[in-house]
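No hydrogens, no waters, no symmetry mates; every other heavy atom, side chains included, goes into these values.
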Amino acid sequence: MNKYDVGWIAFVGCMFLGIGIGMLFDRIAAGTMIGMGTGFVMVALFNRRKS
C-alpha cells in the first residue's frame with residue numbers, strides 16, 4: 001500500500017463518518033459535505049508526506 005492509497009482510504013472513512021453524524025442530526029447532506037471536505041484535506045496531507 002502506498003501513501004496515495006492511505007489518503008483515499010482516509011477520504012472514504014471521513015465521508016462515511018460525516019454521513020453517519022449527519023444521520024444522527026437528520027442533516028445527511030450537510031454531514032456528507034463536511035465529511036468530504038475533511039476527507040479531501042486528509043488526502044492532501046497524506047499525499048504531501050515524504051515517502
- Check side chain to side chain contact (heavy atoms under 4.5 Å, CB included) between M23 and all other residues, then give those that pass, not counting sequence neighbours. I19, I28

- In short, ring-ring contact (aromatic ring centres under 6.0 Å, His included) pairs touching residues 13-32 with sequence neighbours left out are none

Which pairs of donor and acceptor atoms, one on a side chain in residues 34-46, lie under 3.5 Å apart (sequence neighbours left out)?
from: T38; atom 1: OG1; to: I34; atom 2: O; distance (Å): 2.9

